[in-house]
Amino acid sequence: MPATSVIGLQWGDEAKGKIVDLLTEHHQLVVRYQGGNNAGHTVKFDGRTYKLSLLPSGILQSHVTSVIGPGVVVNPLALLRELDGLAEGGQDCSDRLLVSDRAHVICPWHLAEEAALEKSRGSAAIGTTMRGIGTCYGDKVGRSHAIRIGDLVDADSFAAKVREIVPFKQKILNALDPDASQLDPEQIIAEYAAAADRIRSMACDTTTFLLDALDQGKHMLFEGAQGSLLDIDHGTFPYVTSSNSSGCGIHNGSGVPEREIQHMIGVAKAYTTRVGGGPFPTELDNEVGEQIRIAGNEFGTVTGRPRRCGWFDAVATGYSARISGVDSIAIALLDVLSGLDELYICEAYDVRGTVTRTLPSRCEDLAAAVPVLTRVAGWQEDITEITEFSALPANAQEYVRTVERIVGRPVEFVSVGPDRAQTIRMNLN
Ligand code: GDP
Ligand code: IMO
Ligand code: MG
């Protein structure tokens, strides 16, 4: 397939990194198009585990050019830290990475401003990753105080912008928090200029690069970050991230027209997790939730926070599949459910007496939603070595088929462990 995409259908951490890694061998380009270093994608093969945050998951494969598109927000220091970490482990990848000169730059004031805003919300905090993602996107939309990669790598232009922006930001920070940190523009310029010297050779017009690559018949893979329910327009606002993390973001975040994407795969866990605040109708705030958290090692890749766990929500996942128009789904972490006597799948919500099969627009309504659950019998066997669907316990097969039926999209992959090899590929008719 010339252009394929992989997106998350839940609230992130669905195992997108694993599925992207699996598909990478058939692609020459892997593209991140939204989000930033709030993402944490795990790739595991040959006994090694890699945790990628800003870098596309294709970066580990030498035949791939990895692209960070215009819709991504880039913290240059974090980008270099990540590249250096890989180089220390024997993987020097900087010569196969391109960064859009249109991508926006996360600066120290974005982190400081986010810390003050989150603090001001008290118990209603969004629970962000504190990476300055939302505040950087805010400045991008606001335009006046925005800096792009193209500005960063132009030393004079960058220094002038920092000297102009810092006094404005300091006033805002002081007003938000009397204990706000004091920004030193010259120190920021020096630190970022050193990073810019290393990023300059990677910075380019990735949009034209990708469009030319399509003309040349190259195969590209789009790697979504976060999940569709965290989408700024279509997710559980305001408990969302600040980009279009559903399939809707691919076109605007990369510059590649939607119609070029022949195949879109939506990834979902066999249950549901969420990190941070916000409504979660199928949440299991009990022993079963704890059992899933431990079996699935459900602790944030980026922040280490325990993830909230719950039953598979086919209403929310089905909504995500519809808004992005996914062709197929990958069900991951099915092995985590082994050992539970009974499993439940949410097929509708009861919102104050009205039964609905779609995601309410307002998070107040979602918070009031009582899940209508379908029971599926569990299985006890360890399934982590199984590579054929027909070899799964009958109840596990039934579980996957029930998810498929309610979500309304065919299952293309079933993942039964973190490693590349622990994957069942289904025949799509
Ligand atoms: P991403 O953000 O969507 O790429 O997902 P994360 O990497 O944040 O979280 C997924 C976690 O599940 C990682 O630790 C993976 O190594 C792990 N994982 C992926 N697939 C499976 C699976 O099928 N079974 C189990 N047990 N773990 C998996
Ligand atoms: P990957 O790509 C899970 C969540 C945060 C918070 C909300 C807003 O690994 O699936 P932000 O820092 O983006 O402003 O935080 O979004 N969040 C994620 N949750 N996986 C992610 O990425 C996430 N990226 C952001 O926890 O609730
Ligand atoms: Mg993750």
Side-chain angles (χ1 to χ4, degrees), residues 6-22 32 34-45 48-57 72-73 75 106 110-111 114-115 117-118 125-138 223-232 235-243 245 266-280 292 294-308 330-338 382-384 386 413-424:
V6 173
I7 60 158
L9 296 179
Q10 296 161 323
W11 280 289
D13 302 326
E14 299 91 345
K16 299 175 292 293
K18 168 173 171 165
I19 302 297
V20 167
D21 171 62
L22 212 60
R32 276 280 307 270
Q34 46 72 229
N37 64 326
N38 49 349
H41 296 181
T42 315
V43 173
K44 189 169 176 189
F45 60 92
R48 291 184 72 174
T49 301
Y50 300 88
K51 293 191 180 293
L52 299 161
S53 194
L54 187 52
L55 296 174
S57 296
V72 176
V73 284
N75 180 328
I106 297 178
H110 292 128
L111 285 90
E114 178 172 32
L117 287 170
E118 279 286 89
I126 293 165
T128 73
T129 58
M130 296 295 219
R131 298 294 190 270
I133 304 292
T135 39
C136 182
Y137 276 120
E223 175 177 5
Q226 291 80 54
S228 303
L229 302 173
L230 290 170
D231 186 291
I232 183 74
T236 52
F237 192 89
Y239 296 96
V240 291
T241 192
S242 300
S243 65
S245 50
V267 189
K269 276 180 183 164
Y271 47 95
T272 310
T273 62
R274 179 162 207 178
V275 212
F280 180 174
I292 293 175
I294 289 164
N297 191 24
E298 292 296 357
F299 297 89
T301 309
V302 171
T303 57
R305 289 178 290 178
R307 296 177 182 144
R308 300 155 67 193
I331 297 183
L333 294 103
L334 186 67
D335 54 297
V336 171
L337 298 180
S338 292
D382 176 352
I383 59 170
T384 55
I386 291 177
F413 296 97
V414 178
S415 174
V416 293
D419 201 89
R420 226 184 240 176
Q422 293 172 295
T423 313
I424 298 169

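When a ligand or atom number is given, it counts from 1 through the structure's own listing order. Each residue takes its place number in the sequence, starting with 1. Note: hydrogens, waters and symmetry copies are ignored here, and every other heavy atom, side chains too, is used.
Residue His41 has at least one heavy-atom neighbour below 4.0 Å for each of these atoms of ligand 2: 1 (P), 2 (O), 9 (O). Using a 4.0 Å cut-off to heavy atoms of Gly12, the atoms of ligand 2 that qualify are 3 (C), 10 (O), 20 (N). Residue-ligand proximity, Ile126 to ligand 2, at heavy-atom distances under 4.0 Å covers atoms 27 (O). Remark: ligand 2 atoms within the under-4.0 Å shell around heavy atoms of Ala39 are 1 (P), 2 (O), 9 (O), 22 (O). In the vicinity of Gly276, heavy-atom distances shorter than 4.0 Å reach the ligand 2 atoms 27 (O). Within ligand 2, counting atoms from 1 as listed, the ones closer than 4.0 Å to a heavy atom of Ala225 are 2 (O).
Shortest contact from atom 15 (O) of ligand 2 to any protein heavy atom: Thr128 CA, 3.3 Å. Looking only at heavy atoms of the protein, atom 19 (N) of ligand 2 is closest to Trp11 O, 3.6 Å. Of the protein's non-hydrogen atoms, Gln226 CG, 3.6 Å is the one closest to atom 23 (C) of ligand 2. The protein atom (non-hydrogen) at minimum distance from atom 5 (C) of ligand 2 is Gly127 O, 3.6 Å. Here the protein heavy atom with the shortest distance to atom 8 (C) of ligand 2 is Val240 O, 3.3 Å. For atom 13 (O) of ligand 2, the closest non-hydrogen atom on the protein side is Thr241 OG1, 2.6 Å. At the top of the distance list for atom 17 (N) of ligand 2, counting protein heavy atoms only, stands Leu230 CD1, 3.8 Å. Protein heavy atom in closest approach to atom 20 (N) of ligand 2: Asp13 OD1, 3.1 Å.
For the pair Val336 and Tyr271, the minimum side-chain heavy-atom distance is below 4.5 Å. A 4.5 Å side-chain heavy-atom check between Ser53 and His41 finds every atom pair outside the cut-off. Counting only heavy atoms from C-beta outward, the side chains of Ile383 and Leu334 approach each other to under 4.5 Å. Under the 4.5 Å side-chain criterion, counting only non-hydrogen atoms from C-beta, Asp382 is not in contact with Asp335. Two residues are said to be in side-chain contact when any heavy atoms from C-beta on lie closer than 4.5 Å; Glu114 and Met130 meet this criterion.
Note that OG1 of Thr128 is 9.0 Å distant from CG of Leu111, once rounded to the nearest 0.5 Å. In this structure, Arg131 CZ and Cys136 SG are separated by 14.5 Å, a value rounded to the nearest 0.5 Å. One finds the OG atom of Ser415 at 8.5 Å from the CG atom of Leu22 (value rounded to the nearest 0.5 Å).
For the residue pair Ser245 / Gln34, no side-chain donor-acceptor distance below 3.5 Å is found, with atom types taken as modelled. Using a 3.5 Å distance cut-off with no hydrogens or angles, the side chains of Gln10 and Ser228 do not pair a donor with an acceptor.
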- ring pair (Phe, Tyr, Trp, His ring centres under 6.0 Å) between Trp11 and Phe280: does it pass, once the steps are laid out? CA-CA 10 Å; Trp11 280 289; Phe280 180 174; 5.4 Å; yes
- Query: Can you check salt bridge (Lys or Arg N to Asp or Glu O under 4.0 Å) on Arg274 and Glu298, steps first, answer last?
  - Reply: CA-CA 10 Å; Arg274 179 162 207 178; Glu298 292 296 357; over 6 Å; no
- Verdict with reasoning, Asn37 to Ile133, per side-chain contact (heavy atoms from CB on, under 4.5 Å): CA-CA 8 Å; Asn37 64 326; Ile133 304 292; 4.0 Å; yes
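The shortest N or O to N or O distance between Thr129 and ligand 2 is below 3.5 Å. Every N/O-N/O distance between Gly277 and ligand 2 stays at or above 3.5 Å.
A distance limit of 4.0 angstrom between heavy atoms and ligand 1 selects the residues Asp13, Glu14, Ala15, Lys16, Gly17, Lys18, Gly40, His41, Thr42, Thr301, Arg307, Leu333, Asp335, Val336, Ser415, Val416, Gly417, Pro418.
Arg305 counts as a contact of ligand 2, since one of its heavy atoms falls under 4.0 Å from the ligand. Residue contacts with ligand 2 include Gly40, since one of its heavy atoms falls under 4.0 Å from the ligand. The shortest separation from a heavy atom of Lys16 to ligand 2 is under 4.0 Å, placing the residue in contact.
When each of Thr42, Asp419, Thr423 is paired with Lys18, the side chain to side chain donor-acceptor pair (under 3.5 Å) condition holds for Thr423 and for no other.
Around the Mg ion (ligand 3), the protein contributes the following N, O or S atoms at distances under 2.8 Å: Asp13 OD1, Gly40 O.
Taking each heavy atom of Arg307 and Asn297 in turn, the nearest pair found is NH1-O, 4.4 Å. Nearest heavy atom pair, residue Asp13 against residue Lys269, reads O-CE, 2.7 Å. Smallest separation of non-hydrogen atoms from Tyr239 and Pro279: CD1-CD, 4.0 Å. Annotation for Gly35 and Val72: closest pair O-CG1, 3.1 Å, computed over non-hydrogen atoms. In this structure, Asp231 and Val240 approach most closely via the heavy-atom pair O-CG1, 3.5 Å.
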